[in-house]
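Atoms within a ligand are numbered from 1 in the order they appear, just like the ligands themselves. It should be emphasised that the depicted structure is a prediction, and the values quoted were computed from it without experimental measurement.
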Amino acid sequence: MKPLRKIIFPAAGMGTRFLPATKASPKEMLTIVDKPLIQYGVEEALAAGMGQIIMITGRGKRAIEDHFDISAELEANLKKAGKSALYKEVSRVARMAEVIYLRQKEALGLGHAVLCADHWVGDEPFGVSLADELIISEKPAMQQLREVHEQTGCSVIGLIQVQASEVSKYGIVDYHAEESGLLRLTDMVEKPSVDEAPSRMAITGRYIFTPRLMGLLKEVVPGKGGEIQLTDAIAALAREEPVYGVLLEGQRFDAGNPEGFLLANSVLGLQHPEYGESLRLALKEHL
Ligand code: G1P
């Protein structure tokens, strides 16, 4: 088994749900408390030992590249002004990861976005992370997946339990628990109705795949919404080789919609070591 080093961040989506905020800036750059959403995902991947990052971007996404790039002018100005904490943070972010950028030129679906990185992945296992699912946990979500991948050598998908009313927003899995306690996924359906949903276990945006996934992505036909669905390729993979699910530990926010985004900012703002207490007091005054 080759070591797991690579991770794909699909980041080409238009961010329609956040318009007009996302008209001129990528939704991945929206701020949760004190840093952009995408930085949380990248830091989580790095903490799980996945240091080779590929962003699948599109038009209007250049701010992501600038964020992870060195800005010599800004660094020099901060240094000169004696703002050493800010200088350190800005230069840390610019140097934290090796990032490659690829453009998804047409919006053909999440599966297609992942397939854009086919050549870069080669014959190695790889992660996929959807940054608008924000997961804050003691053990990084990607590390929770990595441990099962290292134990089994197989693909691993992060799961959460959802209400019946929520199943139509997610890929929903069918599974059985093996004697070892691992959840083996037997099938999955993209955004089913309540009646079609095989369980209440939803695919959240964290995945580790064996390289075989790319071959299957080339074969899947457009599915839900006329798009190349990642979920359909994973279902095909699960018919060929074991695919495991991990019920993720931690606080999870669907920051890809305005309500979840506000909730993430509120909860994490109130928990913030520097701003939390004063925010709590200010809120009491305002409400
Ligand atoms: C994607 C996946 C879906 C998964 C979801 C998690 O859907 O296709 O299976 O449950 O992410 O956020 P999207 O939210 O991109 O429509």
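- One finds a salt bridge joining Glu277 and Arg280 here, because a Lys/Arg side-chain nitrogen approaches an Asp/Glu carboxylate oxygen to under 4.0 Å.
- Nearest to atom 6 (C) of ligand 1 among the protein's heavy atoms is Glu133 OE2, 3.2 Å.
- Annotation: Thr231 places an N or O atom under 3.5 Å from an N or O atom of ligand 1; distance criterion only.
- The nearest protein atom to atom 2 (C) of ligand 1, hydrogens excluded, is given as Glu190 OE2, 3.6 Å; this is a heavy-atom distance.
- Ion pair Glu227/Lys191 not flagged as a salt bridge, since none of the NZ, NE, NH1 or NH2 atoms sits closer than 4.0 Å to an Asp/Glu carboxylate oxygen.
- Chaining together hydrophobic side chains whose heavy atoms lie under 4.5 Å apart places Tyr275 alongside Phe18, Leu30, Ile32, Val33, Leu37, Tyr40, Leu134, Ile136, Phe253, Phe261, Leu263, Val267, Leu268.
- Distance from atom 5 (C) of ligand 1 to its nearest protein heavy atom, with residue and atom name: Ile203 O, 4.0 Å.
- Ligand 1 is approached by Leu110 to a heavy-atom distance shorter than 4.0 Å.
- From the protein, the heavy atom lying nearest to atom 7 (O) of ligand 1 is Lys191 NZ, 3.2 Å.
- Ligand 1 has no N or O atom lying under 3.5 Å from any N or O atom of Leu130, backbone or side chain.
- Using modelled atom types and a 3.5 Å distance limit, the side chains of Glu241 and Thr210 yield a donor-acceptor pair.
- When all heavy atoms of Ala117 and Leu102 are compared, the closest pair comes out as CA-CD1, 4.0 Å.
- Protein heavy atoms are found inside the 4.0 Å sphere centred on atom 10 (O) of ligand 1.
- In this view, Arg252 and Glu133 satisfy the salt bridge (Lys or Arg N to Asp or Glu O under 4.0 Å) rule, not counting sequence neighbours.
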